[in-house]
Number of protein chains: 2
Amino acid sequence: MKKSERQMLIKQIILNNDIATQEELLHQLQDKGVKATQATISRDIKELNLVKTNNAGQGVKYTIYQNNQMTVEDKLNSTIKSVVTAYNIVQFMNIIATLPGNAHVIGALIDDIEFPEIVGTVAGNDTIILISRTNEDAQLIYEYFDNVMADSD
Amino acid sequence: MKKSERQMLIKQIILNNDIATQEELLHQLQDKGVKATQATISRDIKELNLVKTNNAGQGVKYTIYQNNQMTVEDKLNSTIKSVVTAYNIVQFMNIIATLPGNAHVIGALIDDIEFPEIVGTVAGNDTIILISRTNEDAQLIYEYFDNVMADSD
DNA sequence: GCTGAATAGAAATTCAAA
DNA sequence: TTTGAATTTCTATTCAGC
């Protein structure tokens, strides 16, 4: 049993059961034939970023902790990279193509950021139009998308 | 010093400092003139839903835990209640007015849910059009908004 | 109800080993 | 680098008192 396998199992167990202590988790692992000790589980929990929560009223349990400290711009950039399929500038507008059903997601984020170069956005299912005041402003937006899409990370 | 005041202070302290143990938190409170013991802090931490996290690499610290287990429909409902200002049915379409910049948020959620009664959505800054196949489908969507807006909670 | 002192219980670490 | 045994450290609870 490799460490990574054990840690995968731990994630599954805490997702499907209410585990209050490391001892409990240990027993569940042993039921599945995994041999380990509390010390090891403690290290696993740290590496997996699990936290003990007060599961709203009834008892504590371990859960996965996700840190949502992303800025709106971080979110926009990662969303652009994952859902935008094409982007084209047409005079004072940028026409962005996305995966089906994702245009509004981009729209919501762009509206949130309030780019000064964008005066309005209209989104359908898989297309969003970004309207600028001038061709120059539109060009800046086009370059923004170009930069984001070029980022490899 | 009332309990609620102490708990407010605790939130402030853990937001502005990296607190690794209850002892540490206790000292910070004492510096601010609050008299309490570890037992009390332990209870406060539970009530405030704080968790000990592995602050990405460098050390553990207490942070506020927010549970993001809302379904998309829960999110849509709460978003509708907070940003929709008007909704009207016009034949096979519903025209939804929102607070400025929030139309796309509604659009993204509706697209995500994939209502069978909605064949397409187009959102601008503060208006979103929900297009149905028939007047009857549009009526169902209208009633959905009606129900959500009527909910008092 | 809220709290502190003491204690039980749980989790992290040290140390040694493989 | 990963692990277990033992230990330390930290946290939750009990119990008494307010």
Side-chain angles (χ1 to χ4, degrees), chain A residues 1-69 153, chain B residues 1-69 153:
Chain A
M1 168 62 60
K2 276 181 301 181
K3 178 176 155 183
S4 60
E5 292 179 56
R6 187 187 58 242
Q7 293 191 346
M8 277 299 150
L9 251 177
I10 289 175
K11 275 204 232 173
Q12 282 177 27
I13 292 171
I14 66 124
L15 280 173
N16 298 314
N17 306 272
D18 286 5
I19 304 292
T21 70
Q22 296 179 6
E23 283 289 318
E24 245 177 274
L25 181 51
L26 198 51
H27 292 320
Q28 292 262 358
L29 281 171
Q30 286 166 349
D31 286 354
K32 298 197 192 312
V34 179
K35 204 165 145 288
T37 60
Q38 180 263 324
T40 299
I41 304 302
S42 171
R43 297 180 187 111
D44 287 339
I45 284 173
K46 191 173 201 167
E47 289 172 24
L48 290 171
N49 252 275
L50 305 185
V51 294
K52 234 177 148 171
T53 58
N54 307 298
N55 198 20
Q58 291 310 307
V60 295
K61 67 179 253 195
Y62 278 99
T63 53
I64 296 170
Y65 179 79
Q66 64 269 43
N67 199 3
N68 261 341
Q69 306 290 12
D153 58 23
Chain B
M1 167 64 60
K2 275 181 298 181
K3 177 175 156 184
S4 59
E5 292 179 55
R6 187 186 57 242
Q7 293 192 345
M8 278 297 150
L9 251 176
I10 289 175
K11 275 203 229 171
Q12 283 177 27
I13 291 171
I14 66 123
L15 281 172
N16 298 314
N17 307 271
D18 286 6
I19 302 293
T21 71
Q22 296 180 6
E23 284 288 318
E24 244 178 274
L25 181 52
L26 198 51
H27 291 320
Q28 291 262 356
L29 281 171
Q30 285 166 350
D31 286 353
K32 296 196 193 314
V34 178
K35 204 164 145 288
T37 61
Q38 180 265 325
T40 299
I41 304 301
S42 172
R43 296 179 188 114
D44 286 340
I45 284 172
K46 189 172 202 168
E47 290 174 23
L48 290 171
N49 252 274
L50 304 186
V51 293
K52 234 176 148 172
T53 58
N54 307 299
N55 198 21
Q58 292 311 306
V60 294
K61 66 178 255 193
Y62 278 99
T63 53
I64 296 169
Y65 179 79
Q66 64 270 42
N67 199 3
N68 263 341
Q69 306 290 12
D153 57 24

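Chain A is the first sequence line, chain B the second, and so forth, proteins listed ahead of strands; every chain is numbered from 1. For the numbers below, each heavy atom of this structure counts, side chains included, while hydrogens, waters and symmetry mates do not.
- Taking B:R6 as the reference, B:D44 meet the salt bridge (Lys or Arg N to Asp or Glu O under 4.0 Å) condition, with sequence neighbours excluded.
- Between B:L48 and B:I64 the shortest side-chain heavy-atom distance does not fall below 4.5 Å.
- Nucleic acid contact for B:K2: none, since no nucleic acid atom lies under 4.0 Å from a heavy atom of the residue.
- Atom CD of B:Q30 is separated from atom P of C:dG4 by 10 Å (rounded to the nearest Å).
- Put simply, the side chain of B:N54 gets close to the backbone of A:K46: a donor and an acceptor are under 3.5 Å apart.
- Atom-to-atom, CG of A:L25 to C1' of C:dA10 comes out at 13 Å; the value is rounded to the nearest Å.
- Rounded to a whole Å, the CD atom of B:E47 is 12 Å from the C1' atom of C:dT3.
- By the 4.5 Å heavy-atom criterion applied to side chains, A:L25 and A:Y62 are not counted as neighbours.
- Put simply, CD on A:E24 is 9 Å from P on C:dA11, counting in whole angstrom units.
- If you measure from atom CD of A:E23 to atom C1' of C:dA11, you get 10 Å, rounded to the nearest angstrom.
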For each nucleotide in nucleotides 12-18 of chain C, reading 5' to 3', give B when a protein heavy atom comes within less than 4.0 Å of its base, S when such contact involves only the sugar-phosphate, and - otherwise.
BBB----
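- Atom pair B:I19:CD1 and D:dT11:P shows a separation of 11 Å (rounding to whole Å applied).
- Between B:R6 and the phosphate of C:dC2, there is no side-chain N or O to OP1/OP2 separation shorter than 4.0 Å.
- Atom P of nucleotide D:dT3 and atom CG of A:D44 are separated by 7 Å, given to the nearest angstrom.
- In this structure, B:K3 places its NZ atom 10 Å from C1' of C:dT3, rounding to the nearest Å.
- A heavy-atom distance below 4.5 Å is not found between the side chains of A:V51 and B:K52.
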Donor-acceptor pairs are to be reported for all side-chain atoms of residues 28-40 of chain B against protein atoms at under 3.5 Å, with residues two or more places apart or in another chain.
from	atom 1	to	atom 2	distance (Å)
B:Q38	NE2	B:Q22	OE1	2.8

